[in-house]
Amino acid sequence: MKLLLLVACAFFARPAEDKVYVCKSGTSYAYHKKVCQGLKKCTHRIDTVTVKEAIASGHKKPCGYCYK
């Protein structure tokens, strides 16, 4: 039973290194999933980073459109 629980947790847990997308404008404050209407409005470079890197670069919260 414990083994089944561990396997299920490992399968459904999101890896800490999931990639997210950030707009490199001076006013951007959120990170996004790949397909997002908020990210489509970005007129600057879009970088792919981990959540930890996004937070460290000032994108401290998930986007309200794609993380509903």
Side-chain angles (χ1 to χ4, degrees):
M1 183 68 169
K2 287 183 182 181
L3 179 61
L4 181 59
L5 182 60
L6 287 172
V7 170
C9 287
F11 181 76
F12 290 108
R14 295 184 64 193
E17 298 300 313
D18 277 352
K19 297 296 181 180
V20 295
Y21 301 87
V22 294
C23 178
K24 298 304 285 185
S25 75
T27 58
S28 177
Y29 58 88
Y31 54 88
H32 305 266
K33 294 181 181 180
K34 187 171 187 170
V35 178
C36 174
Q37 67 185 25
L39 193 58
K40 288 180 184 178
K41 297 176 183 178
C42 178
T43 59
H44 293 74
R45 187 177 82 231
I46 297 172
D47 285 347
T48 306
V49 297
T50 64
V51 172
K52 189 179 272 190
E53 292 169 332
I55 292 170
S57 70
H59 299 85
K60 298 194 182 286
K61 66 179 200 169
C63 168
Y65 291 120
C66 58
Y67 282 95
K68 285 186 177 182

- request: Report the C-alpha separation of C36 and C63 in whole Å, then their side-chain angles, then the decisive distance to 0.1 Å, and conclude whether the disulfide (SG to SG under 2.5 Å) test is met.
  value: CA-CA 9 Å; C36 174; C63 168; 3.6 Å; no
- request: Can you tell me which residue pairs pass the ring-ring contact (aromatic ring centres under 6.0 Å, His included) test with a partner in residues 43-65, sequence neighbours excluded?
  value: none
- request: Mind listing the closest non-hydrogen atom pair of Y31 and Y67 along with its distance?
  value: O-CE1, 3.8 Å
- prompt: Distance from R45 atom CZ to C23 atom SG, nearest 0.5 Å?
  reply: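 Spacing of CZ (R45) from SG (C23) equals 10.0 Å.
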statement: Besides I46, the hydrophobic cluster formed by Ile, Leu, Val, Met, Phe, Trp and Tyr side chains linked at under 4.5 Å, directly or via other members, contains Y21, L39
- request: Can you spot which of K34, Q37, H32 makes a side-chain contact (heavy atoms from CB on, under 4.5 Å) with C66?
  value: H32
